[in-house]
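Below is one structure, written out as structure tokens, with a few remarks after it.
Chain naming here is simple, since letters A, B, ... match the order of the sequence lines and numbering starts at 1 in each.
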There are 2 protein chains.
Amino acid sequence: MDKQAIYDDLKKRILTLELEPGAALDEARLSEHYRISRTPLREILRGLAGEGCVDIVNNRGAYVSSMSHKVLRDFFVTAPMIYAAIGRLAAQNAKPSQIHEMREIQEKFRAAIAAQATADMVYCNQCFHALMGEMADNPYLKPSYDRLLIDHARISQTFYRPRDPQMAERMYSALDHHDQMIAAIEAGDSKTMVDLIVEHWELSRDLVEYFVKPDPLAYDMAAANS
Amino acid sequence: MDKQAIYDDLKKRILTLELEPGAALDEARLSEHYRISRTPLREILRGLAGEGCVDIVNNRGAYVSSMSHKVLRDFFVTAPMIYAAIGRLAAQNAKPSQIHEMREIQEKFRAAIAAQATADMVYCNQCFHALMGEMADNPYLKPSYDRLLIDHARISQTFYRPRDPQMAERMYSALDHHDQMIAAIEAGDSKTMVDLIVEHWELSRDLVEYFVKPDPLAYDMAAANS
DNA sequence: GAGTTTTATATTGTATACAATTTGTATACA
DNA sequence: TGTATACAAATTGTATACAATATAAAACTC
């Protein structure tokens, strides 16, 4: 397992919440686990800190970045603007090879949904949106976008309930959006792309809203039975 | 000189173009210069890479991040949106202690302009806008904003001509904008704030436009004398 | 028994030595 | 003369040992 692979593995474990927000990342333990010395491991942790996955406190170690209420609020304030901008730029700047790669990811995504393989779904979705960031090809937006994607993955996992039939519906909507996005990107149609991004975003927003404000239990049993 | 001081010093040297875009950052040379070993120096370089000051290529060392035409274009595409968003959030979220600090920076800025101390002007301006980023208090926008500020400083220095009388005018306009911004932030008036940000931005845009498209020399000497 | 100081342990930070990779140069050959 | 290969130098990457700092525990004072 080389350095990049360890980097990716750690990032994946953070994204999938296997390493929970706030969890301490002990250098000695991790370096032993991955069979490398502390020096390169520290560089990996600092790299992840640059991406926003990890918070480092001087002389007190590294922690998986937290997900406080404030962070959640900031996420919902910021994501629409950045996502729209990235979508617009992706439609303008995508290279043919990237569009091809996107189609491949989309087919894997489709298969994962059909197979109800939650982990694969999350991963393919992540790849799809990360690639969109590459297409946009803007070094100033990329760091913010990547940070949003990291927390987007974590938030989605927090609120996703695999047994709820509404979830399957949502996933097929998302899949459909992705198909339309690929078409818009190929056509270089940035206006349609932004509309799709907004629509897609509302899926995520509604998921959390539904969690915070779920269908209430009947508080008047007599009425519920009538 | 502790680690943070070395970090700041390197960043400052990059911002002031003392270390030019694309310049190689030799680990051995730098570690000797700052009297620390390579291990912490490497961490500093990776930290700066996370901020976007430095590009690191595997097995081929660190370089001051470049300023290609594409980067310049991306800068002008992206900055208005992010600056406006940061301005709006700063007006909404600024804490009294931060407003107080901002006033102090502004007075130093005023003094630097009066004294025509270019380096101090650049530094105070940088501090002013960095503090605005702190006020906005949004972890998703901050990485993009900081990256924009780094290149903004470098671009401004590239196109600034201290001997041009127009430059002094511009600086007084900027100073005036800053005064008005502080008032808007204190009043929590985010609408006015965004208008000011746009106006302030046009100063920077015009500076570069003027450089790219300066007053042409007379090409018809007869006509010029008539 | 509560609070403070001291001591021990654990963890992070730094220096140095060594390994791996890349780059430059010289030489052989077409 | 141009290209390819082999070797040498320089530079980056990693491991390990040691130093500094923070946390936990124990002893002490009041």
Of the listed nucleotides D/dT14, C/dT11, C/dA15, the one nearest the side chain of A/D26: C/dT11
Can you identify which nucleotide, out of C/dA15, D/dT12, C/dG13, has its nearest atom closest to the B/P40 side chain? C/dA15
Between C1' of D/dA20 and CD1 of B/I36, the distance in whole Å: 16 Å
Roughly how many Å is it from CG in A/L25 to P in C/dG13, rounded to a whole number? 13 Å
With both pairing distances under 3.5 angstrom for Watson-Crick or G-U wobble, and | for a partner in another strand, the correct string for DNA chain C is ||||||||||||||||||||||||||||||
Does D/dG13 have OP1 or OP2 sitting under 4.0 Å from an N or O in the side chain of B/R42? yes
Think A/R38 has a side-chain N or O under 4.0 angstrom from the OP1 or OP2 of D/dA15? no
B/V57 vs A/N59, nearer the 5' end of DNA chain D by closest nucleotide: B/V57
Atom-to-atom span, OH of A/Y63 to P of C/dT12 - whole angstrom: 8 Å
Salt bridge A/E209-A/R205, side-chain N to carboxylate O under 4.0 Å: yes
I need the CD-P distance between B/E27 and C/dT16, as an integer number of Å. 15 Å
With rounding to the nearest 0.5 angstrom, report the CG to CD distance, A/L131 to A/Q126. 12.0 Å
B/E51 with B/R147: basic N within carboxylate O range, under 4.0 Å: no
Please confirm whether the shortest side-chain N or O distance from B/R46 to OP1 or OP2 of D/dG13 is below 4.0 Å. yes
For A/H178 and A/H200, which I'm curious about, is there any donor-acceptor pair between the side chains at under 3.5 Å? yes
Distance, rounded to the nearest Å, where B/L30 contributes CG and D/dT11 contributes C1': 13 Å
Salt-bridge contact B/K95-B/D137 (side-chain N to carboxylate O under 4.0 Å): no
Does this structure show an ion pair linking A/K11 with A/D8, if we count only N-O contacts that are shorter than 4.0 Å? no
Specify the separation, in whole Å, of atom CD1 of B/I6 and atom C1' of C/dT14. 12 Å
Pairing of A/E18 and A/K12 as salt bridge, 4.0 angstrom limit: no
Rounded to whole Å, how long is the line connecting atom CG of A/L45 with atom C1' of C/dT11? 13 Å
Does a side-chain N or O from B/T39 land closer than 4.0 Å to OP1 or OP2 of C/dT14, or not? no
Using atom CG of B/N58 as one end and atom C1' of C/dT23 as the other, report the distance to the nearest whole Å. 16 Å
Of the options D/dT11, C/dA17, C/dG13, whose atoms approach the side-chain atoms of B/R29 most closely? D/dT11
